[in-house]
Structures are given as C-alpha cells and as structure tokens.
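Basis for what follows: all heavy atoms, side chains included, without hydrogens, waters or symmetry-related copies.
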Amino acid sequence: MAQNQMPPAHHDDPAIRVIIVDDQAMVRQGFGALLDAQRDIIVVGSAADGSEVVELVRRSRPDVILMDIRMPKLNGLDAARAVKAMPGLEHPRIIMLTTFDADEYVFSALRAGASGFLLKDATAEDLVSAVRIVAAGESLLAPSITSKLIADYARRPSTRRDTAALSPLTERELGVMKLVATGKSNAEIAEELFVAEQTVKSHVSRILSKLGLRDRTQIVVAAYESGLVSTER
C-alpha cells in the first residue's frame, strides 16, 4: 500500500510525528524503520507520491514530513506548496530528500516552504538528527548546501532585489539576519555579537514575525533576495 500507518506502542509521548513521502519503497521502509526505532520519533504514515500528501497530513497530523523532490505524479515542490496552503492547522515542517547536493530545485524548494534538505545517502545519525533539528524549529542547511544555494542564486542575472522589504527591521535585527544567512547557529551568533543566546533567539523571533517568515531557512532566502547579503566578495 502507498500509505502505511504504524503503531506508536513502544514510544514515549510526546514523540515527533513523521511521515515519509517517496516513490521508492526501499527509502520509505528503510527510513521508516530507522526513525520508528527512536524513542522520541514515531512514523505515522507514508506515501508513494506527492498527490497523497495533503490527505495524509490531514489524517496523521505530522510534525515533520520527509519528502522526495522528484516524484512521477506530483513532485515534492508542488506537494510542499499544497501542504503549506492547507487551512486550519499548524503546518508541518518539511525536509526535502534528494540524491544530489546541487539539485536544481533546492532554491525553489526553500521558497515552497521546505525547512531543509537531506541527501538520501545520509548516515543514520544524520537522518535522526535532521528530524529532531527541524522539529525543534531550526533550519537544516549544512554549509555545503548553503554555499551551493548562494552560488546558484548568484548566477541569476534577472533577480530583483527589494531592500524595502526589510524596512521593519532594526539595525541589530539586520545584523542577526546577515549572520543567520551565512549558516551560523544561535550560539555562534551570540558569541560573535557578545550577547546571550536567548537574546539572539528573541531577535530571530522578531525577524520572523516582522517579515512574515516561517523559519530560519526562509530568513536565508529573504536575505539573499533582498540583497542584504551579497554573493560578491
């Protein structure tokens, strides 16, 4: 079956609820078994195509979706947009699965609402860590992915920059946004600015609220789209 409900009997509550959407059965089964073995994660469903995602999300209420970018009927980008457009619920966070760390859909996936990326050949530790990181509200952008994202964005000559979009932010918030866009964690930003980590978290929360962004990954996109962070040295 394309969809598969799995029992939560051996998990402690509350657990991170995950669904896996991939057209390869081996990926669904392998990732599912690994994640379902964790005491703080439960796989509540799976699907073989993006067209099944909205109904699966409505029924299973996941916290995190692991979703393949390339699927035959409805690809991960369109499925992500459909999930983010669902009314009346808190939208789950989405980790895009890809076989290429330079996938041409990376930037589009971020704009569609993905919170990060995971290569299908990632280690078991990386997979489990990715789910926990994204469930906690952080973005999953490794430096290698970030650098490729920046390089791809720099090659787009027709991109319009809109600095006015950042006008609601204070100078300090703009500084924090720049550092987030370079891939720094809250702890690293706090160390660089000589402030408490909680202060950085407050700044990030205000940036998200003022700009109407979903998460840190969206901050990265907005920073480059607005021209706040330059791709030039």
Side-chain angles (χ1 to χ4, degrees), residues 1-5 17-32 34-35 43-122 126-127 130-131 133-135 139-142 144-153 155-156 158-159 213-222 224-225:
M1 293 178 61
Q3 297 179 356
N4 180 30
Q5 298 296 327
R17 298 170 63 83
V18 178
I19 63 174
I20 302 169
V21 185
D22 195 291
D23 60 338
Q24 298 180 42
M26 289 183 64
V27 172
R28 297 195 306 273
Q29 294 165 5
F31 281 15
L34 177 60
L35 292 173
V43 178
V44 294
S46 66
D49 185 74
S51 62
E52 304 170 40
V53 171
V54 169
E55 179 57 30
L56 183 56
V57 167
R58 187 175 287 114
R59 289 191 294 105
S60 59
R61 301 289 175 147
D63 301 303
V64 176
I65 303 174
L66 286 174
M67 182 141 59
D68 190 14
I69 288 183
R70 302 167 185 256
M71 291 181 286
K73 294 180 182 178
L74 186 70
N75 65 46
L77 296 180
D78 290 335
R81 294 186 186 103
V83 168
K84 294 301 182 181
M86 292 177 67
L89 82 163
E90 185 174 347
H91 296 139
R93 298 188 178 276
I94 300 172
I95 300 174
M96 288 294 189
L97 300 172
T98 178
T99 53
F100 308 104
D101 61 356
D103 195 299
E104 63 265 31
Y105 293 132
V106 164
F107 194 83
S108 296
L110 290 176
R111 298 190 68 181
S115 294
F117 296 85
L118 189 69
L119 298 180
K120 288 187 178 180
D121 62 358
D126 285 343
L127 172 63
V131 169
I133 287 170
V134 169
S139 58
L140 186 67
L141 279 179
S144 62
I145 295 290
T146 304
S147 64
K148 287 181 174 64
L149 172 66
I150 295 168
D152 175 69
Y153 190 76
R155 289 193 296 268
R156 301 178 179 213
S158 61
T159 301
L213 304 176
R214 300 183 189 96
D215 54 30
R216 294 170 71 94
T217 309
Q218 295 271 300
I219 291 179
V220 175
V221 174
Y224 284 98
E225 284 189 328

Rounded to the nearest 0.5 Å, what's the gap from [atom1] on [X] to [atom2] on [Y]? Could you check?
X: Glu55; Y: Met86; atom1: CD; atom2: CE; value: 8.0 Å
X: Leu77; Y: Ile69; atom1: CG; atom2: CD1; value: 6.0 Å
X: Ile94; Y: Arg81; atom1: CD1; atom2: CZ; value: 10.5 Å
X: Ile20; Y: Leu97; atom1: CD1; atom2: CG; value: 8.5 Å
X: Leu118; Y: Met96; atom1: CG; atom2: CE; value: 12.5 Å

Atom NZ of Lys84: over 12 foreign heavy atoms under 6.0 Å: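 Yes - once you tally the heavy atoms of other residues, nucleotides and ligands closer than 6.0 Å, there are more than 12.
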Closest heavy-atom pair and its distance - [X], [Y]:
X: Glu52; Y: Ala47; answer: OE1-CB, 3.6 Å
X: Arg28; Y: Ala48; answer: NH1-CB, 3.5 Å
X: Ser60; Y: Arg17; answer: O-NH2, 2.5 Å
X: Ile65; Y: Pro92; answer: CD1-CG, 3.7 Å

Would you say the side chain of [Y] lies within less than 4.5 Å of the side chain of [X], judging by non-hydrogen atoms?
X: Leu119; Y: Thr98; value: yes
X: Leu66; Y: Leu35; value: yes
X: Val57; Y: Pro62; value: yes

Test Leu74 against every option in Asp49, Val54, Val53 by the side-chain contact (heavy atoms from CB on, under 4.5 Å) rule and name the one that passes.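 So, applying the side-chain contact (heavy atoms from CB on, under 4.5 Å) to Leu74 and each of Asp49, Val54, Val53, only Asp49 qualifies.
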Exactly one of Val18, Asp126, Asp63 should register a side-chain contact (heavy atoms from CB on, under 4.5 Å) with Val131. Which one does? Val18
Regarding Asp68 and Lys120, does a basic nitrogen lie under 4.0 Å from an acidic carboxylate oxygen?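 Yes, charged N to carboxylate O under 4.0 Å.
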Please list, chain by chain and in numerical order, all residues satisfying side-chain contact (heavy atoms from CB on, under 4.5 Å) with Ala135, sequence neighbours excluded.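 Ala135 satisfies side-chain contact (heavy atoms from CB on, under 4.5 Å) with Ile16, Val64 once adjacent residues are dropped.
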